[in-house]
Peer 1: 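Dropping a structure here in structure tokens format, bear with me for questions.
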There are 2 protein chains.
Amino acid sequence: MTDDIKTGLTAPQTIEAFSSRLADLSQGLPKRLRQCADHVAANLDRIAVSTVADLAAGADVPPSAVMRFCQIMGFAGFSDMQRLFRDAYAPALPDYATRLANLRGGARGGAGRLLAEFVEAGRLSLEGLTTAVDEKALERAVSVLSGAGVVHVMGLRRAYPVASYLAYVFEKMSVPAMLHEGAGRLDHRHAIRPGDAVLAISFAPYSEETLALVADARARNLPVVALTDHKASPLARMADPVLTVQEVDFGAFRSLSATLTMAIALAVAVGTARGTQG
Amino acid sequence: MTDDIKTGLTAPQTIEAFSSRLADLSQGLPKRLRQCADHVAANLDRIAVSTVADLAAGADVPPSAVMRFCQIMGFAGFSDMQRLFRDAYAPALPDYATRLANLRGGARGGAGRLLAEFVEAGRLSLEGLTTAVDEKALERAVSVLSGAGVVHVMGLRRAYPVASYLAYVFEKMSVPAMLHEGAGRLDHRHAIRPGDAVLAISFAPYSEETLALVADARARNLPVVALTDHKASPLARMADPVLTVQEVDFGAFRSLSATLTMAIALAVAVGTARGTQG
DNA sequence: TAGCAGATGGAATAAATATTCCAAATCCAA
DNA sequence: TTGGATTTGGAATATTTATTCCATCTGCTA
């Protein structure tokens with residue numbers, strides 16, 4: 001082999017760069033490497049979850065051919081190449097825990113740095129919101145809530161700011177709503193009448209009080225809309241339209257950016273739906 | 001172990017089945033296994049590209065706990081469980097800009113569109129936060145609050161979710177704090193003692209109750225940290241470290257993304273400052 | 001508080017997986 | 001064809017990753 005530039009010294013840093021290098025190379029490649037290139041090009045999205053052996057079998061070449069392929073693409077080896085695809089798919093979660101540990105240990109860096117981290121977590125959460133949103137569920141939630149008599153909002157602990165914000169927006173938009181906060185251990189569930197609906201917000205670990213209110217509403221056949229962290233949460237199992245929101249957590253702490261954004265969108269949608277039809 | 005039914009004999013064959021078994025189990029699980037369950041539930045989409053060690057680190061448990069978790073879920077081991085997710089692996093989604101565009105375009109006027117707009121507003125607000133932040137003021141706020149006896153948090157209306165969130169985080173971090181909410185027209189200002197500090201949150205139009213509390217504290221020479229919308233607000237004029245946050249508004253509504261992000265950063269900074277020095 | 005069942009962490013081991021290396025095969029130019 | 005350069009396959013090795021096992025710890029019941 002001549003000292004060709006094609007043994008690129010620099011590995012592609014993005015999927016685009018990868019694809020474009022792939023296109024450049026695939027012409028002048030010997031048979032086996034060409035097979036690799038073709039197979040990889042046709043299965044870009046499976047690289048993240050494949051092994052060398054999988055790829056080799058798919059391309060009908062021995063594993064060592066796949067290794068050579070990775071190297072002429074500029075990577076140190078298959079693992080190195082795979083990392084590109086894994087990272088692209090799962091944006092940096094793992095080092096958040098360590099970052100917080102650093103902040104705690106070092107103490108310097110201060111509040112400004114901490115703020116920057118939370119801003120980043122918030123941005124990621126918002127991005128995630130656009131990918132993960134279940135539009136069907138969202139539309140259904142809007143229609144359930146805008147058809148209800150009174151909307152009963154409940155959320156405690158970390159979900160309480162969300163609940164109180166929803167109550168605020170509903171009030172501003174003249175949507176009849178009631179915030180159940182469990183203050184003074186008072187139980188207002190008798191205030192829930194036929195025709196009403198419940199909007200429950202809860203994240204792990206789920207507050208018993210919220211679950212109890214939902215169970216109660218469910219027993220009376222009232223519709224329950226849930227805003228929670230995942231589809232398998234105890235809350236989700238009792239609710240019908242289930243809206244899930246994933247917050248990127250930063251150490252032990254989660255911002256509420258995505259959750260509140262979902263909340264305001266829901267509330268405003270309900271408000272306008274009621275306004276235009278009533 | 002007894003021949004419990006909970007060691008499900010059949011492994012889930014689909015992601016749905018997996019989620020639902022997860023929900024069934026997660027109630028009566030010991031601590032470490034519960035941590036695994038929660039972390040897995042919140043990161044379902046990363047299982048396909050994770051290793052046991054990754055998951056263990058994320059859930060903050062030793063690898064062996066993850067193995068036990070896989071087994072009680074009915075799988076032979078981690079690899080067996082991972083296969084389910086690898087087979088169902090859906091390739092990385094198009095990038096953020098595209099998704100947002102889709103969401104915006106889809107279902108004219110629908111809730112999805114609203115959500116897209118609020119997401120965008122939130123992101124812009126967060127961007128603004130990093131550029132506009134007054135680090136000096138932030139550092140000062142941290143030092144004032146971490147030196148205080150009790151932190152008295154007050155914010156009403158739109159600022160109330162922020163105040164309640166701050167109270168929540170302070171509690172989690174063992175920072176003595178009190179949330180003044182004006183419920184029942186009760187006035188708790190006598191609870192503010194020398195050595196304490198006030199953290200007031202208010203946006204236009206500024207709540208009288210908040211301003212009154214601040215004026216009172218000021219008259220008694222107690223430090224007041226303000227979180228508000230601009231430096232010339234009535235609140236800002238009475239407070240010393242003033243933190244300002246601009247939210248990008250969409251229509252008549254503002255999200256709270258930037259404000260809450262600032263709030264959590266502040267609270268965590270105060271919590272860690274107290275932790276390390278006390 | 002003693003005794004027990006279950007839970008836990010970590011070290012030891014097993015298995016899977018990536019990676020290297022080199023002898024053999026192939027190709028190409030004279 | 002022959003020599004030299006390139007490509008190829010697979011066996012050997014290194015590395016990472018999963019899995020098991022057991023001593024210790026914890027929380028509970030009696």
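So that the names make sense, note that chain A is the first sequence line, chain B the second, and so on, each numbered from 1.
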Peer 1: Is the phosphate of dT15(D) approached by S79(A) (side-chain N or O, under 4.0 Å from OP1 or OP2)?
Peer 2: no

Peer 1: Ignoring hydrogens and geometry, is there a side-chain-to-backbone donor-acceptor pair from R21(A) to M73(A) under 3.5 Å?
Peer 2: yes

Peer 1: With under 30° as parallel and over 60° as perpendicular, where do the rings of F18(B) and F85(B) fit, or are they tilted in between?
Peer 2: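 Perpendicular, since the angle between the ring planes exceeds 60°.
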
Peer 1: Nearest-Å distance, CZ (R86(B)) to C1' (dT17(D))?
Peer 2: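 Rounded to the whole Å, the gap is 11 Å.
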
Peer 1: Can you tell me if Q82(A) touches the phosphate of dT17(C), counting only side-chain N or O atoms and a distance under 4.0 Å to OP1 or OP2?
Peer 2: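 For dT17(C), neither OP1 nor OP2 has a side-chain N or O of Q82(A) closer than 4.0 Å.
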
Peer 1: Could you check whether any side-chain heavy atom of V224(A) comes within less than 4.5 Å of a side-chain heavy atom of M238(A), counting everything from C-beta outward?
Peer 2: no

Peer 1: Hey, does the side chain of Q71(B) come within less than 4.0 Å of dT19(D)'s phosphate (OP1/OP2), counting only N and O?
Peer 2: no

Peer 1: Roughly how many Å is it from CG in L55(B) to P in dT19(D), rounded to a whole number?
Peer 2: 12 Å

Peer 1: Check DNA chain C against residues 61-70 of chain A and give the residues with a non-hydrogen atom under 4.0 Å, in numerical order.
Peer 2: S64(A), M67(A)

Peer 1: With sequence neighbours left out, what residues match D80(A) under salt bridge (charged side-chain N to carboxylate O under 4.0 Å, His left out)?
Peer 2: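 D80(A): salt bridge (charged side-chain N to carboxylate O under 4.0 Å, His left out) contacts with R83(A).
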
Peer 1: Exactly one of V133(A), I201(A), L126(A) should register a side chain to side chain contact (heavy atoms under 4.5 Å, CB included) with M262(A). Which one does?
Peer 2: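 Only one option passes, and that is V133(A).
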
Peer 1: Just checking, any donor-acceptor pair under 3.5 angstrom between side chains of Q35(B) and R32(B)?
Peer 2: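 Q35(B) vs R32(B): donor-acceptor pair found between side chains.
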
Peer 1: Any non-hydrogen side-chain atom of I72(A) less than 4.5 Å from a side-chain atom of L29(A)?
Peer 2: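 Yes - at least one pair of side-chain heavy atoms lies under 4.5 Å apart.
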
Peer 1: Between dT8(C) atom P and D60(B) atom CG, what is the distance in whole Å?
Peer 2: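 In whole Å, dT8(C) P lies 13 Å from D60(B) CG.
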
Peer 1: When you measure from the side chain of E117(A) to the backbone N and O of A265(B), does any donor-acceptor pair fall under 3.5 Å?
Peer 2: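 Side chain of E117(A) to backbone of A265(B), a donor-acceptor pair under 3.5 Å: no, none is there.
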
Peer 1: Take atom CZ of F78(A) and atom P of dT16(D), then tell me their distance rounded to the nearest Å.
Peer 2: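 F78(A) atom CZ is separated from dT16(D) atom P by 15 Å.
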
Peer 1: Return the value, rounded to whole Å, for the distance between atom CG of D80(B) and atom P of dA18(D).
Peer 2: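 Atom CG in D80(B) sits about 13 Å away from atom P in dA18(D).
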
Peer 1: 5'-most contact on DNA chain C: L33(B) or S50(A), nearest heavy atom basis?
Peer 2: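 In this pair, the answer is L33(B).
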
Peer 1: Between N43(A) and R46(A), does the side-chain hydrogen bond (donor to acceptor under 3.5 Å, both in side chains) criterion hold? Intermediate values first, please.
Peer 2: CA-CA 5 Å; N43(A) 296 278; R46(A) 302 221 45 93; over 6 Å; no

Peer 1: Which nucleotide in the set dT7(D), dG9(D), dA18(D) lies at the smallest distance from any side-chain heavy atom of R32(A)?
Peer 2: dG9(D)

Peer 1: If a pair satisfies ring pair (Phe, Tyr, Trp, His ring centres under 6.0 Å) and one of its residues is in residues 48-72 of chain A, list it, with sequence neighbours excluded.
Peer 2: none

Peer 1: Can you name the salt bridge (charged side-chain N to carboxylate O under 4.0 Å, His left out) partners of D38(A), sequence neighbours left out?
Peer 2: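 D38(A): no salt bridge (charged side-chain N to carboxylate O under 4.0 Å, His left out) contacts found.
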
Peer 1: Which nucleotide wins on minimum distance to the side chain of T51(B), given the candidates dT7(D), dA18(D), dA18(C)?
Peer 2: dA18(D)

Peer 1: What stems involve DNA chain D, if each pair must be Watson-Crick or G-U and both of its distances must be under 3.5 Å, with 3 or more such pairs in a row?
Peer 2: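 Stems (3+ consecutive pairs) listed as C:1-30 with D:1-30.
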
Peer 1: Which whole-number value in Å describes the distance from K31(B) NZ to dT26(D) C1'?
Peer 2: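 Roughly 11 Å, once rounded to whole Å.
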
Peer 1: Check nucleotides 23-28 of chain C against the protein and report each pair of N or O atoms closer than 3.5 Å, with its distance, or say if there are none.
Peer 2:
none

